[in-house]
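Only heavy atoms go into these numbers, but all of them, side chains included; no hydrogens, no water, no symmetry mates. Quick caveat: nothing in here was measured; it's all calculated off a predicted structure. In what follows, chains are A, B, ... by sequence order, proteins preceding strands, each numbered from 1.
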2 protein chains.
Amino acid sequence: MRIIKLNEQSRANILADLLKRDPNNYSAYEGTVQEIVDDVRARGDEALFEYTKKFDGAELSADNIRVTQAEIQEALSQVDPGLLAVMKKSMKNIREYHEKQKQYSWFDSKPNGTILGQKVTALSSVGVYVPGGKAAYPSSVLMNIIPAEVAGVEKIVMVTPPGKDGKVNPVTLIAAHLAGATEVYKVGGAQAIASLAFGTKSIPRVNKIVGPGNIFVALAKKAVYGHVSIDSIAGPSEILVLADETANPRYVAADLLSQAEHDELASAILVTTSMELAEKVSAEADAFVQNLSRKAILEKSLENYGYILVADSMEDAIETANAIASEHLEIVTKNPFEVMTKIQNAGAIFMGEYSSEPLGDYFAGPNHVLPTNGTAKFFSPLGVDDFIKKSSIIYYSREALEAVHTDIESFAEAEHLTAHANSIRVRFE
Amino acid sequence: MRIIKLNEQSRANILADLLKRDPNNYSAYEGTVQEIVDDVRARGDEALFEYTKKFDGAELSADNIRVTQAEIQEALSQVDPGLLAVMKKSMKNIREYHEKQKQYSWFDSKPNGTILGQKVTALSSVGVYVPGGKAAYPSSVLMNIIPAEVAGVEKIVMVTPPGKDGKVNPVTLIAAHLAGATEVYKVGGAQAIASLAFGTKSIPRVNKIVGPGNIFVALAKKAVYGHVSIDSIAGPSEILVLADETANPRYVAADLLSQAEHDELASAILVTTSMELAEKVSAEADAFVQNLSRKAILEKSLENYGYILVADSMEDAIETANAIASEHLEIVTKNPFEVMTKIQNAGAIFMGEYSSEPLGDYFAGPNHVLPTNGTAKFFSPLGVDDFIKKSSIIYYSREALEAVHTDIESFAEAEHLTAHANSIRVRFE
């Protein structure tokens, strides 16, 4: 891995490079996606079946688009029992962590007869997109569905593209079943997103759509935003390790590669105050790459977006971590908790040398759906918050309103909204 | 106001009618807006000044684009002291209510050496858009800025279009100053949104943009979503009153008109179980309209989107209220709290006959920026939640990781992510 001295210029260059991966830059496909979305909105199932034939090569109809109980039973017999056992342990942790995120309705009453508060309600229905293709990512299915289930969403609709044989991956199906999906449909791509946003005869309309997908899925989600809610638009994965001279170079190198292996746009960055660590991590990483199965991807992503930055001080290193706002941040320093207090922007923060990033991907409990590409400056990990909404509660007694009615009337009059003023005034004529 | 019998057909017709007001349907302007956004992104201040000259007729430069302390002092001398006093009382309530919304970082530790939690951080910067034009809405300025200030946002950047004289409305300016805006710039329209999203020499880039605006502003916000966060895209205002025979028809009529006066797309709906109330409210509303200053708008909006629906049962009435998911919902029944328990979807819920909607617009404390056009099914009122974000916290001791390391490795191997597995394995070689 290349080693670069951290200074204002190198930091600016790297920040600009990283933003090139922005999914918002793929506007070239926007027209195509909008066409598919509009077509499904207008023609419903008919368009949906046509696109599924065209893009997935599968013949679907209203009779076989929904996964049946028999198909779930069949899938269950195909899944490795060892994997099933691990998934169940992981699910327990994910559920326990998300239970702690629950928010409750609250109110504040005063003796003059006022009650103010917020009522928390679960969304009534959500759609979860799960990518198809050769690889199945059951961990991602768990991470998207469990928070919705914990929030109390009644209708959790999963969609995932079918293979040419019209079947969906059995591991995906079982993960969905265990996590609490209430219905599963064999559709994918922009056409699946449009179906969930507007509803078709076969696919129910939902209130929010979450889950990762390719660029067509991401753009379709952006296109339907406002008609429904969506989670944030995910970019390529990234890890930033903040380390001092106390870090174990072999662990750091292995952790950097764990994200670099995702795809050629993935980014792995070490920011350290120690040139010695920098050199050792570089050597360890290069050695690991030779022996890992995803060598070709690793070489590409490290060449594209892999950096070892050597900072003059931990302060500079932290400032850079905040500017990059990485999806995953590992703090491997003498006192990681103290460094954490200075972190403004990160999706998930892994502390100490045994909190390796994949622990969070698979097992610890916190969600692995995290803001990418600098959006940790304003977005949060997927969680129970994404599946609830709030309503304000306002109650005033006659006495309470009477005490302030002229204030309200004069504020409304100042904005020239006379019917607003009138609605208060009529109560005290 | 027209009276309609509530049944499946009339409900479906009204729902379809209301959705015609959807701001997402104005795609005709998307091209123009995207051009302005791209131009400002590419050329910065130069483009921004050109558009301000073109659309607002004001000559701006880097020297006079930012509102100065002297301008704030001048504005202060122009604002009616009575209004100032009311604004201060209102601000106190808004701040007190939003203080109660604060969320705190939390963690959960276990004796095996694991710590999991969430760190809550305020966004470091936000932009608040405030419309210009003849009317000033200081209440809206307060409602957008105070939650950001309570959340702890350090940089609150307000933008509002200047008049031809290069000045901004003094009331707007004073409301911003009182509420806690840290800087104010005299720019508006799509060009202001683009400046906040990408930054120019004069305008700082922010993490999130909130605030109401015309269709160009709304589409610009949608265009920059993902580069920055935005609040939801606001549609026309609406009120739904749920009432039984105990309601005072004069109060109900006045409250319906308070929202109908906003603009010709505003919607005012009464759903009641009492034909007698329906008839009385209709007559009262028609009489009020004749004597209110915004008569022309009221007549139009009631004709377009004003309905009195008579339901067979309170159950049917509630179901319709949930299907419409109104921005404002008033419950004026014998026992409003019991009805409230059945409400799934509403922006703000006003209970009892003295909780008139304008009380919430101006004074009570809850935010008046609320989800419109059915989006209360998935969006919440603007609040402190909009100005914070969360980071997951993960700490595992060696002991804790050792106990589960083979589980994590096997999960990663099952997903064929061998570098993920490797990063756990190296720690126990």
Checking [X] against chain A: side chain, backbone, both or neither under 4.5 Å from a heavy atom?
{"X": "B/Thr418", "value": "both"}
{"X": "B/Pro138", "value": "both"}
{"X": "B/Leu83", "value": "side chain"}
{"X": "B/Glu96", "value": "side chain"}
{"X": "B/Val426", "value": "both"}

Do you know which of [options] has the most heavy-atom pairs under 4.5 Å to chain A?
{"options": "B/Pro336, B/Pro381, B/Ala414", "value": "B/Pro381"}
{"options": "B/Ala364, B/Ser410, B/Gly352, B/Gly374", "value": "B/Ala364"}
{"options": "B/Thr121, B/Asp255, B/Leu257, B/Leu123", "value": "B/Asp255"}
{"options": "B/Val252, B/Val126, B/Leu359, B/Asp361", "value": "B/Leu359"}
{"options": "B/Lys89, B/Glu357, B/Lys208", "value": "B/Lys89"}
{"options": "B/Glu402, B/Arg425, B/Lys377, B/Glu413", "value": "B/Lys377"}

Region of [X] in contact with chain B, defined by heavy-atom distances below 4.5 Å:
{"X": "A/Asp108", "result": "side chain"}
{"X": "A/Ala325", "result": "neither"}
{"X": "A/His262", "result": "side chain"}
{"X": "A/Ala122", "result": "backbone"}
{"X": "A/Ile331", "result": "neither"}
{"X": "A/Glu429", "result": "side chain"}
{"X": "A/Thr375", "result": "side chain"}
{"X": "A/Ser90", "result": "side chain"}

Return yes if a side-chain donor-acceptor contact under 3.5 Å exists between [X] and [Y], otherwise no.
{"X": "B/Ser139", "Y": "A/Glu415", "answer": "yes"}
{"X": "B/Ser392", "Y": "A/Asn367", "answer": "no"}
{"X": "A/Asn207", "Y": "A/Lys389", "answer": "no"}
{"X": "B/Ser423", "Y": "A/Ser258", "answer": "no"}
{"X": "B/Asp385", "Y": "B/Gln103", "answer": "yes"}

For [X] versus [Y], what's the shortest heavy-atom pair and its separation?
{"X": "A/Asp407", "Y": "B/Val86", "value": "O-CG1, 3.5 Å"}
{"X": "B/Gln101", "Y": "B/Gly383", "value": "OE1-CA, 3.4 Å"}
{"X": "B/Ile343", "Y": "B/Ala346", "value": "CG2-CB, 4.1 Å"}
{"X": "A/Lys222", "Y": "B/Ala223", "value": "NZ-O, 3.5 Å"}

> Looking at A/Phe350, A/Phe337, A/Tyr354, which one forms a ring-ring contact (aromatic ring centres under 6.0 Å, His included) with B/Tyr395?
Replying inline: A/Phe337
In terms of heavy-atom pairs under 4.5 Å, which option from [options] contacts chain B the most?
{"options": "A/Leu417, A/Leu292, A/Ile393", "value": "A/Leu417"}
{"options": "A/Tyr362, A/Phe387, A/Tyr396", "value": "A/Tyr362"}
{"options": "A/Ile115, A/Leu256, A/Asn345, A/Asp386", "value": "A/Asn345"}
{"options": "A/Met340, A/Met87, A/Glu330", "value": "A/Met340"}
{"options": "A/Glu261, A/Lys390, A/Gln344, A/Met351", "value": "A/Glu261"}
{"options": "A/Ala260, A/Ala376, A/Ser125, A/Gly365", "value": "A/Ala376"}

>> Quick one, B/Phe363 and B/Pro358 - any side-chain contact, counting heavy atoms below 4.5 Å?
In response: no
>> Tell me if the centroids of the rings in B/Tyr225 and A/Tyr225 come within less than 6.0 Å of each other.
In response: yes
Do side-chain atoms of [X] reach the backbone of [Y] as a donor and acceptor pair under 3.5 angstrom?
{"X": "B/Ser326", "Y": "B/Leu329", "result": "no"}
{"X": "A/Arg427", "Y": "B/Glu353", "result": "yes"}
{"X": "B/Lys100", "Y": "A/Leu116", "result": "no"}

